[in-house]
Amino acid sequence: MANGRLLITGGSGLLALNWACAMRREWDVVLGTHVHSVRLEGVRAHPLDLEDSGRLARQFEAIAPDLVIHAAGLTSVDQCEENPALARHVNAALARNVAEAAATGSIRLAHISTDHLFAGTRSNYREDDTPEPLNEYARSKLLAEEWVRQACPQALIIRTNFFGWGHAGRQSFSDWILQSLRAGREITMFDDVFFTPLLADALANAAHRLLERAAAGTINLAGDERVSKYDFGIRLARAFDLPAELIRPGKQSDARLVAQRPADMSLDSAMARAMLGDELGRLDDFFQALRRQEEAGRREELFHAVTE
């Protein structure tokens, strides 16, 4: 492969699977796995021990990646709220281990963070805005950023919100919408929660372009449009010729959620756009790309890619 070897942690997760699909023609892709097995055409899977940075450094030496994408994590906001110690361990301590192992081997590292870090009282948060985490998930991800920065100062820390195809054991946000509408089920989506979503492939491509420019530190990679969760669902339905009238507006403020969540998670990606000299992408274009992926077999391939 012209670009070298790419190792992605959290290999059975939505982001890792889609990232691998986006990059497997250009890179020798290795998916680092833990509990689940992964089979994906043109990609290798390799068990990783993220629990000890020393052992992990030796695994990195054996795999010999040119680039590591740390995409592993505990993403269930409510599960993190119910078990803060687990959230801190999976999201922060393991991220530190990966960063230490990458630093030991002088391996380029991109760490995937989140858009959940702020209070959500305004829109379009920038990289230099002060985080105000509302829940344990956000606190664990903020701690991960701090520890990664300390262990591997040259790491690229990416704040984002992405969507793409999931697998049989784990639906994505867009999967849930599409499958519900295709089954004729009514769903409720919040019209008082806002974000700047990015297709997983667009995230991967933008991240690699930044890495080619030796970008380091914290940077936002998000879509160019701020939308509500409800508007996201309506536009996704229309892009796939599905009945948008099955989507009902609802209020997060009325929902009985375990963890408090920000009402506005939108990110300002002006820094990334300036570095790349280009827009990151608009939602309708992402939806058309998602539809083309399904037509080309991506949804079916990923649905069967992960096993116990």
Side-chain angles (χ1 to χ4, degrees), residues 1 3-20 23-24 27-40 42-76 79-80 83-114 136-137 139-158 167 169-170 204 207-208 211 216-218 305-308:
M1 295 292 176
N3 291 315
R5 182 163 297 152
L6 169 64
L7 174 62
I8 312 173
T9 69
S12 63
L14 181 156
L15 181 58
L17 292 170
N18 285 279
W19 199 304
M23 292 295 154
R24 58 187 169 185
W27 289 77
D28 175 15
V29 179
V30 180
L31 288 173
T33 60
H34 179 54
V35 175
H36 300 95
S37 298
V38 178
R39 296 185 65 181
L40 197 61
V43 173
R44 291 185 293 132
H46 193 292
L48 287 181
D49 180 2
L50 305 184
E51 298 289 340
D52 181 274
S53 62
R55 288 196 296 271
L56 186 59
R58 291 190 289 274
Q59 287 188 299
F60 282 5
E61 183 179 8
I63 298 169
D66 298 285
L67 171 64
V68 173
I69 307 297
H70 181 52
L74 182 62
T75 58
S76 170
Q79 187 178 358
C80 288
N83 195 334
L86 180 64
R88 180 184 172 109
H89 176 71
V90 175
N91 288 336
L94 298 188
R96 178 176 55 191
N97 290 346
V98 171
E100 289 176 350
T104 297
S106 299
I107 302 166
R108 195 80 173 93
L109 171 67
H111 168 78
I112 305 302
S113 189
T114 182
E136 293 298 332
Y137 170 71
R139 282 187 277 275
S140 68
K141 293 295 285 185
L142 183 60
L143 182 60
E145 288 191 4
E146 178 183 341
W147 284 353
V148 167
R149 197 175 295 114
Q150 291 173 355
C152 188
Q154 297 307 309
L156 177 63
I157 298 172
I158 298 171
H167 57 79
R170 183 70 182 272
H208 280 263
L211 290 162
T218 303
V306 179
T307 57
E308 295 293 338

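Note that the structure is a prediction, hence the values are computed from the model and not measured. Any value given below was found using the heavy atoms of this structure, including those in side chains, with hydrogens, waters and symmetry copies removed.
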Glu61, CD: over 12 other non-hydrogen atoms inside 6.0 angstrom: no
To the closest 0.5 Å, what do you measure between CZ (Arg88) and CH2 (Trp147)? 4.0 Å
Contact list for residues 89-103, test side chain to side chain donor-acceptor pair (under 3.5 Å), sequence neighbours left out: Glu51-His89, Ser53-Glu100, Asn91-Ser140
Applying side chain to side chain donor-acceptor pair (under 3.5 Å) to Arg139 and not counting sequence neighbours gives Glu136
If the condition is side-chain contact (heavy atoms from CB on, under 4.5 Å), which residues does Thr114 pass it with, not counting sequence neighbours? His116, Leu117, Tyr137, Lys141
Heavy-atom side-chain proximity of Val29 to Leu40 below 4.5 angstrom: no
Applying side-chain contact (heavy atoms from CB on, under 4.5 Å), can you list everything that pairs with Thr33, at least two apart in sequence or on another chain? Val38, Ala45, Pro47
Provide the full list of salt bridge (charged side-chain N to carboxylate O under 4.0 Å, His left out) pairs with a residue in residues 145-156, sequence neighbours left out, each pair given once. Glu145-Arg149, Glu145-Arg159
What distance separates Gln154 CD from Ile107 CD1, expressed to the nearest 0.5 Å? 14.5 Å
Shortest non-hydrogen separation from Ser12 to Leu17 and the atoms involved: O-CD1, 3.8 Å
Which residues share a ring-ring contact (aromatic ring centres under 6.0 Å, His included) with His208, sequence neighbours left out: Trp19, Trp27
Sorted by chain and number, sequence neighbours left out, salt bridge (Lys or Arg N to Asp or Glu O under 4.0 Å) with Arg58 holds for none
Distance-only donor-acceptor pairs under 3.5 Å for side chains of residues 63-73, two or more places apart:
{"residue": "Asp66", "atom": "OD2", "partner": "Arg5", "partner atom": "N", "Å": "2.7"}
{"residue": "His70", "atom": "ND1", "partner": "Thr9", "partner atom": "OG1", "Å": "2.8"}

What's the shortest heavy-atom distance between Gly32 and Leu48, and which atoms? CA-CD1, 3.6 Å
For Asp52, the side chain to side chain donor-acceptor pair (under 3.5 Å) test, sequence neighbours excluded, returns none
Minimum side-chain heavy-atom gap His46-Leu7 below 4.5 Å: no
Sequence neighbours left out, what passes side-chain contact (heavy atoms from CB on, under 4.5 Å) with Arg39? Give chain and number order. none
Tell me every residue that passes side-chain contact (heavy atoms from CB on, under 4.5 Å) with Ala16, counting only those two or more places apart in sequence or in another chain. Ile8, Leu31
Could you work out, with side chain to side chain donor-acceptor pair (under 3.5 Å) as the rule, every residue matching Thr104, not counting sequence neighbours? none
Would you say the side chain of Leu6 lies within less than 4.5 Å of the side chain of Arg24, judging by non-hydrogen atoms? no
